[in-house]
Undergrad: 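Here it is, the structure, as structure tokens.
Atoms within each ligand, like the ligands themselves, are counted from 1 in listed order. Values reported hereafter were calculated over all heavy atoms of this structure, with side chains retained and with hydrogens, waters and symmetry mates removed.
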Amino acid sequence: MSVARALAGRIAELARALDGRAVRLMEVCGSHTMAIARHGIRDMLPGNVRLLSGPGCPVCVTEPGYVDAALALARRGVGIATFGDMLRVPGSDGSLASARAEGAVVRAVYSPARALELAAAEPDRPWVMLAVGFETTAAPLAALALEIRRRGVGNLALLCAPKRVPPALDALVADPELAVDGFLCPAHVSAIIGARAYEPYARDHGRPCVVASFEPLDVLHGLAGLLEQIVAGEARVDNRYARVVRPEGNPAARRVMAEVFEAADARWRGLGTLPRSGLRLRESFADLDAERVHGVAVQPGREPPGCRCGEVLAGRTEPEDCPLFDRTCTPAHPVGPCMVSSEGSCAAAWKYRGSQGRKS
Ligand code: SF4
């Protein structure tokens, strides 16, 4: 019997032990969302086990006003270095890809360090690195800020919107309508913040938490772990990715982040403004803050008309329930960020659920 079949059997056995109770489990990581869709894991689950996607895609939770600020910079000749997923995310008035087509200097980078090379290659042009991501990305962004300082680079700043995962979990457990029974916790983020970061959700809120990688067997193993706790009436943190995630996370990465960033309130698409959920540059790094250097401000912005990304990200609706899904909104012509990002729930549903997911 294959391992996958054995795990599916174990999940079915645990689901039966729930005696008809329906449970809702949330995957908090966009990579889990994509793996679950790609490998048809939803279809393997018994009817009383429902998977919800959470706000685990950093591009998707970034508000349209951030894109507007980046567009304003690009249109005044500032070079923009960005992770590729941000290129087609719609702002209130276009995307960075459309600005690039109109002649703006916008470069996709795989690593923040590449922004240093771009700035060095064009020393007369001001450059801005779009600093978007969760703790996994915040660490290399902090390292970039330190390197800019060390090298004395004068033409590179950061437009900051990194976000912290735990405050999003705080908002999710506080939402009585959502009623999540357990969290499949992220893999890479947990490598930075550590498995212990989830203890308050288990101890204080009674929500089982399982840290798992995003290989399909790891996801199934993680879901079985959540159900084992629910059946046993337990709520604890179970680290099933111990080959990478330590209880304390990565203290060196967190030290670098703490040197450069401080926690600040931040707006999340779908979740609103969450206390201390974002990271901003410390005052000692104000000279690298693109908002101050270039006199732009990140305002709330306008959501794409009809787009339900906010509800999708908060676990309140499924991509297929959006009236635009696979009609006016497709990966080729995305209306909202959840259809753009490689970790977006709508893109995952469109790509992997096929005719079952599409209603047209
Ligand atoms: S299908 Fe498109 S418009 Fe609808 S929620 Fe998803 S991204 Fe937004």
Undergrad: Give a yes or no answer on whether the side chain of Arg42 reaches the backbone of Ile36 with a donor-acceptor pair at less than 3.5 Å.
TA: no
Undergrad: Any side-chain to backbone donor/acceptor pair from Glu135 onto Val165? Under 3.5 Å, distance only.
TA: yes
Undergrad: For the backbone of Thr273 and the side chain of Ser277, can you confirm whether one donor and one acceptor N or O come within less than 3.5 Å of each other?
TA: no
Undergrad: Distance under 6.0 Å and angle within 45° of the ring axis: does Arg149 meet both against Phe285?
TA: yes
Undergrad: Looking at Met339, which atoms of ligand 1 are within less than 4.0 Å of one of its heavy atoms?
TA: 7 (S)
Undergrad: For atom 4 (Fe) of ligand 1, does an N/O/S atom of Cys322 lie at less than 2.8 Å?
TA: yes
Undergrad: I need the nearest protein heavy-atom contact for atom 6 (Fe) of ligand 1: residue, atom name and distance, please.
TA: Cys346 SG, 2.4 Å
Undergrad: Using a 4.0 Å cutoff against the non-hydrogen atoms of Cys307, which atoms of ligand 1 qualify?
TA: 3 (S), 5 (S), 8 (Fe)
Undergrad: Give the residue and atom name of whichever protein heavy atom lies nearest to atom 7 (S) of ligand 1, and the separation in Å to one decimal.
TA: Cys309 SG, 3.4 Å
Undergrad: For the side chain of Tyr66 and the backbone of Pro300, is there at least one donor-acceptor N/O pair under 3.5 Å apart?
TA: no
Undergrad: Counting backbone and side-chain atoms alike, is an N, O or S atom of Cys329 positioned under 2.8 Å from atom 2 (Fe) of ligand 1?
TA: yes
